[in-house]
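Single-structure report; data block below.
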Amino acid sequence: MPERKLLDQVSDVARFRHLSLRTEETYRTWIKRFILFHGKRHPRDLDAAAVRSFLTHLAVNERVAASTQNQAFNALLFLYRQVLKLEPPNIDGVERARQSKNLPVVFTKEESSAVIAHLKGENRLIAGLLYGSGLRIMEAVRLRVKDIDLSRNEIIVRDGKGEKDRLTMLPISLKPALAVQIEAVRRLHDEDLKRGGGEVYLPYALERKYRNAATDPLWQYLFPAGKHSIDPRSGKTRRHHVSEQNVQRAVKTAVRAAGIEKNGTCHAFRHSFATHLLEDGYDIRTVQELLGHKDVRTTMIYTHVFHPVRYAA
């Protein structure tokens, strides 16, 4: 039996290690670029100097951001460690892309309310969760019905960044809208079941472990897509969650409609959530836990945005 192509091996290992489809595709893209950069030579035949030259090229010639260069390096680490089972390359001497020193874009409380007021339907509720719970956009659109605890005013963020779960606050003001949304999801799910569908994607082979979970109302996405689509991995036709790109476009439009002259995105709501908690007297460790930051130094960026002296009076 012939050996599978390298990029197919990358996909095999990525799925075995339960990486998201987005991460799998990102790693494949960087590995393919690395191979093409070196004239289609196999990575086994490329040494640490080849890796350093590629990463340096990204920083010097393509002028990518530091996070982009790190993403490329992580893809190559995955390739050598997990796929090829080789020692990871030494990147000493690599020209590092410059870290951005820009402060995060933060809306005032009034601006946050104004942007959300210019949104409608699910987009409005999602934006409310981004601002009121500090969620990332992908964490919001991937929420399941079971992740919302209306009685305890809590949201469980499953498999967040770094494949970690965490608890965050559920804004009381959103409880009525969330209750309506959950009921709408149940009705839509009932209709899908009557049509012979109603199955949702389950992570980590849970579909085999819990045979009925895929059609359980609690496992359905809180923000289901308007139509069914084909799962690129299994080939099954399912109802996925709404596209994060649609929400991002809607927020951009709402920022302009609200007359706010800031480069506000969905992520600006998360920045605003953290900054406003600090303004209201929350301690930095609590904000760190709510955001799911591994290192408190990441959370400390908001202390540069928040100046307590401005709010003392």
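Nothing fancy with the numbering, it's 1 onward along the sequence.
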Check: With side chains defined as the heavy atoms from C-beta onward, is the minimum distance between Val251 and Asn123 less than 4.5 Å?
Finding: no
Next item on the list: Any chance you could lay out the salt bridge (charged side-chain N to carboxylate O under 4.0 Å, His left out) test for Arg81 and Glu87, step after step, and finish with the verdict?
Entry: CA-CA 6 Å; Arg81 281 178 176 168; Glu87 282 296 314; over 6 Å; no
Notebook entry, point to check: Has the side chain of Asp216 got a donor or acceptor atom that lies under 3.5 Å from a matching backbone atom of Asn212?
Noted result: no
Notebook entry, point to check: What distance do Phe269 atom CZ and Leu135 atom CG have between them, rounded to the nearest 0.5 Å?
Noted result: 12.5 Å
Next item on the list: Could you tell me which residues satisfy salt bridge (charged side-chain N to carboxylate O under 4.0 Å, His left out) with Asp283, sequence neighbours excluded, listed by chain and number?
Entry: none
Check: Judged by atom type as modelled, is there a donor-acceptor pair below 3.5 Å linking the side chain of Gln288 to the main-chain atoms of His293?
Finding: yes
Margin query: Do His241 and Arg144 have side chains that approach each other closer than 4.5 Å (heavy atoms only, starting at C-beta)?
Written below: no
Margin query: Strictly below 4.0 Å, N to O, side chains only: are Glu261 and Arg256 in salt-bridge contact?
Written below: no
Item checked: Under 3.5 Å: donor-acceptor pair, side chain of Arg4, backbone of Gln9 -> no
Check: Among side-chain atoms of Tyr302 and His271, is any donor-acceptor pair under 3.5 angstrom?
Finding: yes
Check: Can you check whether Leu58's main-chain N or O pairs, donor with acceptor, with Asn61's side chain at less than 3.5 Å?
Finding: no
Item checked: Ion pair check, Glu244 and Arg249, cut-off under 4.0 Å -> no
Note to self: Could you check whether any side-chain heavy atom of Val13 comes within less than 4.5 Å of a side-chain heavy atom of Leu19, counting everything from C-beta outward?
What the structure shows: no
Margin query: Would you say that more than 12 heavy atoms from the other residues, nucleotides or ligands in this model lie under 6.0 Å from the CG of Leu86, or not?
Written below: yes
Check: Do any N or O atoms from the side chain of His38 and from the backbone of Ala50 form a donor-acceptor pair under 3.5 angstrom?
Finding: yes
Margin query: In the structure I gave you, are the side-chain heavy atoms of Val83 and Phe78 within less than 4.5 Å of one another anywhere?
Written below: yes
Note to self: Donor-acceptor pair, distance only, cut-off 3.5 Å: does the side chain of Thr303 make one with the backbone of Met300?
What the structure shows: yes
Margin query: Are Val200 and Arg238 packed together at the side-chain level, in the sense that at least one heavy-atom pair is separated by less than 4.5 angstrom?
Written below: no
Next item on the list: Consider only side-chain heavy atoms of I, L, V, M, F, W and Y, link residues closer than 4.5 Å, and tell whether Leu170 and Ile182 are in one cluster.
Entry: yes
Next item on the list: For Ser11, check side chain to side chain contact (heavy atoms under 4.5 Å, CB included) against everything at least two apart and list the hits.
Entry: Arg15, Glu24, Arg28
Check: Can a salt bridge be assigned to the pair Glu191 and Arg239 using a cut-off of 4.0 Å between side-chain N and carboxylate O?
Finding: no
Next item on the list: Evaluate the criterion side-chain contact (heavy atoms from CB on, under 4.5 Å) for residue pair Lys32 and Leu7; output intermediate values, then yes/no.
Entry: CA-CA 8 Å; Lys32 183 177 181 180; Leu7 291 181; 4.3 Å; yes
Notebook entry, point to check: Do you see a donor-acceptor pair shorter than 3.5 Å between the side chains of Ser53 and Thr56?
Noted result: no
Notebook entry, point to check: Hey, what do you get for CZ (Arg44) to OH (Tyr80), rounding to the nearest 0.5 Å?
Noted result: 10.0 Å
Margin query: Testing the basics here: between Pro217 and Arg186, what is the closest heavy-atom pair and its distance to 0.1 Å?
Written below: CB-NH1, 3.6 Å
Notebook entry, point to check: Hey, are Arg195 and Asp192 close enough for a salt bridge, meaning a charged N less than 4.0 Å from a carboxylate O?
Noted result: yes
Notebook entry, point to check: Could you go step by step and tell me if Thr23 and Thr26 meet the side-chain hydrogen bond (donor to acceptor under 3.5 Å, both in side chains) rule?
Noted result: CA-CA 5 Å; Thr23 300; Thr26 298; over 6 Å; no
Item checked: Minimum heavy-atom distance Ser151-Asp149, with the two atoms named -> OG-OD1, 2.6 Å
Margin query: Would you compute the distance between atom CH2 of Trp30 and atom CG of Leu79 and round it to the nearest 0.5 angstrom?
Written below: 14.0 Å
Next item on the list: Grab the two heavy atoms, one from Thr265 and one from Phe107, that are nearest each other, plus how far apart they are.
Entry: O-CE1, 4.4 Å
Check: Heavy-atom distance under 4.5 Å between the side chains of Thr237 and Ser229, does that happen here?
Finding: no
Check: Nearest 0.5 Å, what's the CZ-CD distance between Phe54 and Gln69?
Finding: 9.5 Å
Next item on the list: Please test Lys5 against Asp8 for side-chain contact (heavy atoms from CB on, under 4.5 Å), starting from the C-alpha separation and ending with a verdict.
Entry: CA-CA 5 Å; Lys5 293 181 179 180; Asp8 291 335; 3.7 Å; yes
Item checked: Hydrophobic cluster membership, Val180 vs Val185, 4.5 Å side-chain cutoff -> no
Notebook entry, point to check: So, the side chain of His276 versus the backbone of Tyr131: is there a donor-acceptor pair under 3.5 Å, distance only?
Noted result: no
Item checked: Side chains of Leu167 and Glu154 in contact at under 4.5 Å (non-hydrogen atoms) -> yes
Check: Taking 4.0 angstrom as the limit, do Lys236 and Asp231 come out as a salt bridge?
Finding: no
Checklist line | Nearest-0.5 Å distance that lies between atom CZ in Arg158 and atom CZ in Arg166 | finding: 12.5 Å
Item checked: CD (Glu183) with more than 12 external heavy atoms under 6.0 Å -> yes
Notebook entry, point to check: Of Val145, Leu202, Asp147, which is the lone residue that meets side-chain contact (heavy atoms from CB on, under 4.5 Å) with Trp219?
Noted result: Leu202
Next item on the list: Report yes or no: do Ile137 and Val105 belong to one cluster of Ile/Leu/Val/Met/Phe/Trp/Tyr joined by side chain heavy-atom distances under 4.5 Å?
Entry: no
Check: Closest heavy-atom contact between Phe34 and Pro43?
Finding: CE2-CB, 4.3 Å
Margin query: Please determine whether the number of non-hydrogen atoms from other residues, nucleotides or ligands lying under 6.0 Å from atom CG of Leu36 exceeds 12.
Written below: yes
Margin query: Ignoring hydrogens, what is the shortest heavy-atom contact between Met169 and Pro171? Give both atom names and the distance.
Written below: O-CD, 3.7 Å
Check: Within the distance-only criterion (no hydrogens, no angle test), does the side chain of Ser133 pair as donor or acceptor with the backbone N or O of Leu130 below 3.5 angstrom?
Finding: no
Notebook entry, point to check: Can you tell me how far CG of Leu129 sits from CG of Leu174, rounded to the nearest 0.5 angstrom?
Noted result: 5.5 Å
Check: Parallel, tilted or perpendicular: which fits the ring planes of His240 and Tyr201, with parallel below 30° and perpendicular above 60°?
Finding: perpendicular
Check: Does the side chain of Arg41 reach to within under 4.5 Å of the side chain of Ile35, using non-hydrogen atoms?
Finding: no
Note to self: Quick check against the 3.5 Å criterion: does Lys175 have a side-chain atom that pairs as donor or acceptor with the backbone of Leu150?
What the structure shows: yes
Next item on the list: Answer with yes or no whether the hydrophobic clustering places Val242 together with Leu188; edges join I, L, V, M, F, W, Y residues whose side-chain heavy atoms lie under 4.5 Å apart.
Entry: no
Check: Would Val141 and Leu222 satisfy side-chain contact (heavy atoms from CB on, under 4.5 Å), going step by step from the backbone distance to the final call?
Finding: CA-CA 7 Å; Val141 298; Leu222 181 63; over 6 Å; no
Item checked: Heavy-atom pair of closest approach, residues Arg270 and Leu291 -> NH2-O, 2.8 Å
Notebook entry, point to check: Given the rule in the side-chain contact (heavy atoms from CB on, under 4.5 Å) test, do Ile31 and Val10 qualify, once you have shown the distances and angles that lead to the verdict?
Noted result: CA-CA 9 Å; Ile31 291 167; Val10 171; 3.8 Å; yes
Please list every donor-acceptor pair under 3.5 Å in which a side-chain atom of residues 113-122 meets a protein atom from a residue at least two apart or in another chain.
from, atom 1, to, atom 2, distance (Å)
Ser113, OG, Lys109, O, 3.1
His118, ND1, Ala114, O, 2.9
Glu122, OE2, Gln181, NE2, 3.2

Note to self: Applying a strict under-4.5 Å side-chain criterion to I, L, V, M, F, W and Y, I'd like to know whether Leu103 and Val296 cluster together.
What the structure shows: yes
